[in-house]
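These notes concern the structure reproduced below.
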Amino acid sequence: MVTESASEFETQDLLLNVGPQHPSTHGVFRMVMQVDGEVVREVIPYIGYLHRGAEKLCETMDYRQGIGFMDRTEYLAAMNAELSYVMAVETLAELEVPERAQWIRMILVELNRLASHLMFMGAFGVDVGVFGTPFIYAWREREAVIDLFEEISGDRMMYAYLRPGGLAWDVPTNFVPRVREVLTAVRQGIADFDGLLTKNEIFIARTKGVGVISAADAIDFGMSGPSIRASGVPLDVRREEPYLKYNDINWNVITRTEGDVYARYLCRLDEMRESVKIVEQCLERLQPGAIMPEKMPRMLRTPPGEIYVRTEAPRGEFGVYLVSKGGNRPHRLKVRSACLSNLQALRHMTIGSYVADALIVLGSIDIVLSEVDR
Amino acid sequence: MRGIAKSMLTTLSVFIRPPVTRFYPDVHRPLPERDRAFPLLLWDKEIDEPFCTGCHACERACPVECMTVLMKDNPNHKSVGGTSGRRKIIDKFWIDYARCMRCNICVEVCNFDAIAMNNTWAGHETSVHDRKDLVMDLQQLTTLSHNGAIKEWVPVLGKANEA
Ligand code: SF4
Ligand code: SF4
């Protein structure tokens, strides 16, 4: 009877607009959700609010000038973005990067991964509803990393520090003890997050079993980074196609099998521990030496050719496709953004879930909108 | 419940740690010497004129084209009875701080070490009411260095530290 009388009323799904300026969209991202009561029936994401044409801009600039725009592509992990770009240029120009520069680069990108994952922990904590506390905790340790970057490169977010061939200038003389200090702080931060969130029943109730994506679906959507590793696919560019010195040290690819939001959180937490391990090993292997190849031309030119270089950024595979027709600037530059691919899976993960969970799922893939829109 | 108790314990342990924040703007964090705010022109104290010769190298290399450089014959050159060895010198110089993306390229390309990034708090606290006030002219760009208020850091490109 009840069902019959309920069907006498005509119900209509509600269109709910989230964003583009909304604290849980991590930037300027808009999605329109079709909701039936509390349940999401359809999600239509709108991107492009932050489009600056960075790829096209880089085509009008020489290789050094392009570095600054790469920073702005991925502002939470600018070192990783720079690395992909300079590695692409180096491969085309056949430059040999000196040992020391490679170790320093590795330390920097791993520290940047730590900073970025810390940022995730904080922002994600806020998404889940633990307002304030994780954000402030994350900020504290991220600040330590960023202060170190400021001492090295001079800037806190837009480093413009890597150059095709090596590094722009050498690190300060107290580099090694300073990195160790930062690592101690970050280790404490990881322990804090572990204590604050991992076993917290409220946090688990909010995240476990939410936004599940199977390994096969994750592969189909072209996901990468911690988001796919949480579904049990051990895909890590650092292991698949080792660059820098990732082959020379001991580290593990972190995977989980559950594929839900909680697994993505745990994956990142463990990955931070791995990053600390990697940096420690790099510090031991770091030797004095050159940071640039002996003969560097004043204006770098590349022979004609094309190259696709990918690296493992905190959010996944960050690729740079570079076409050169000779000369000192790219003919075509294309950035493969991990966030954009990960975002494709959002609809799949949220349909059928609650509205509140949809925002957690969005937070769990850790999007950076400037990378999505470029 | 045990998980929540553990969270509470973590919060408590953080609560008794010393604070890491500062009372900005009353207390300023000391900046590292490499800190990059916005580019400045340096002043040659010996001859009392800017180092800049107006060679346009930085203007051409700037990715966002925010600089404007005009040069002139140096009225203080030795050939006309002056004390300076610079035949040409900067006449007018503008940098639009609103457009500058602080990439450091102008510092790197300058052959005369005439330009450096401001590494003082004055360079960071540049808020104004009107955007056009962020276009700095020659006088504004040289004041800090002229007064000796800045200890600039000019990077040595691509050179490793002395072991
Ligand atoms: S600052 Fe240096 S590069 Fe720029 S115009 Fe002056 S001398 Fe030339
Ligand atoms: S720092 Fe970069 S953007 Fe700013 S004036 Fe110098 S070259 Fe131009």
Side-chain angles (χ1 to χ4, degrees), chain A residues 57-58 60-62 64-69 71-72 98 100-101 130 133 136-137 139-140 143-144 147 150-156 158 160-161 163 165-173 175 188 191-204 287-293 296 298, chain B residues 1-15 17-22 29-39 57-58 60-66 100-109 111 116-119 123-124 152-163:
Chain A
L57 270 173
C58 285
T60 64
M61 307 198 168
D62 67 42
R64 176 167 59 180
Q65 290 174 331
I67 295 170
F69 286 91
D71 284 332
R72 283 149 181 84
R100 179 179 165 80
V130 201
T133 320
I136 302 295
Y137 286 11
W139 229 245
R140 191 183 51 204
E143 194 68 17
D147 278 348
E150 189 183 17
E151 281 162 40
I152 296 166
S153 72
D155 210 307
R156 299 170 64 79
M158 310 299 166
Y161 180 61
R163 291 284 184 277
L167 310 171
W169 48 81
D170 206 348
V171 291
T173 39
F175 177 66
Q188 176 69 51
D192 281 350
F193 273 107
D194 208 8
L196 188 70
L197 297 179
T198 309
K199 290 263 163 55
N200 190 326
E201 281 91 355
I202 304 175
F203 181 74
I204 293 177
Q287 298 292 336
I291 55 162
M292 270 289 202
M296 275 298 284
R298 264 186 86 86
Chain B
M1 269 331 267
R2 295 208 10 230
I4 297 180
K6 194 165 175 231
S7 304
M8 288 297 180
L9 272 181
T10 313
T11 327
L12 199 69
S13 79
V14 175
F15 180 68
R17 268 182 237 160
V20 291
T21 43
R22 282 186 196 76
R29 180 173 67 93
L31 291 175
E33 67 169 349
R34 297 180 177 193
D35 187 78
R36 302 205 306 255
F38 288 103
C58 52
R60 272 198 301 266
C62 178
V64 291
E65 300 172 1
C66 66
C100 171
M101 64 181 218
R102 305 180 296 131
C103 64
N104 207 44
I105 287 178
C106 48
V107 181
E108 290 172 24
V109 296
N111 294 319
M117 293 307 241
N118 190 346
N119 54 6
H124 289 281
E152 78 278 357
W153 184 76
V154 179
V156 191
L157 289 184
K159 285 259 160 41
N161 290 334
E162 310 281 296

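Below, all heavy atoms of this structure are taken into account, side chains as well, without hydrogens, waters or symmetry copies. The shown structure was predicted, so the numbers you read here are calculated from the model rather than taken from an experiment. Below, chain A is the first sequence line, B the second, and so on; all start at residue 1.
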Original post:
Is it the side chain or the backbone of A:Pro293 that comes within 4.5 Å of chain B heavy atoms, both, or neither?
Top reply: neither
**OP:** List the steps, then state whether salt bridge (Lys or Arg N to Asp or Glu O under 4.0 Å) holds for A:Arg140 with A:Asp192.
**Re:** CA-CA 11 Å; A:Arg140 191 183 51 204; A:Asp192 281 350; 2.7 Å; yes
Subject >> Among A:Pro172, A:Ala290, A:Ala191, residue most engaged with chain B (heavy-atom pairs, under 4.5 Å) >> reply: A:Pro172
Original post:
Is the closest side-chain heavy-atom distance between A:Arg163 and B:Glu108 below 4.5 Å?
Top reply: yes
**OP:** Output yes when a side-chain donor or acceptor of A:Ser153 lies under 3.5 Å from a complementary backbone atom of A:Glu150, and no otherwise.
**Re:** no
**OP:** Check each atom of A:Tyr137 against the heavy atoms of chain B and say whether the ones under 4.5 Å are side chain, backbone, both or neither.
**Re:** side chain
Original post:
Do the non-hydrogen side-chain atoms of B:Arg34 and B:Met117 ever get within less than 4.5 Å of each other?
Top reply: no
Original post:
Is it true that A:Arg156 and A:Glu143 have a side-chain N and a carboxylate O under 4.0 angstrom from each other?
Top reply: yes
Subject >> B:Leu9, part contacting chain A, at a heavy-atom distance under 4.5 Å >> reply: neither
Subject >> Under 3.5 Å donor-acceptor, A:Asp71 side chain and A:Ala160 backbone >> reply: yes
**OP:** Can you tell which part of B:Arg29 gets under 4.5 Å to a heavy atom of chain A, answering side chain, backbone, both or neither?
**Re:** side chain
**OP:** Under 4.5 Å heavy-atom distance to chain B, tell me which part of A:Gln188 shows up: side chain, backbone, both or neither.
**Re:** side chain
Subject >> Heavy-atom check, side chain of B:Glu33 versus side chain of A:Glu151, under 4.5 Å >> reply: no
Original post:
Looking at A:Leu57, A:Ile67, A:Asp147, which one has more heavy-atom pairs under 4.5 Å with chain B than the rest?
Top reply: A:Asp147
**OP:** Tell me, for B:Asp35 versus chain A, whether the close heavy atoms (under 4.5 Å) come from the side chain, the backbone, both or neither.
**Re:** both
Original post:
chain B heavy atoms under 4.5 Å from A:Leu196: which part of the residue, side chain, backbone, both or neither?
Top reply: both
Subject >> Choice from A:Met292, A:Arg64, A:Lys199 maximising heavy atom contacts with chain B below 4.5 Å >> reply: A:Arg64
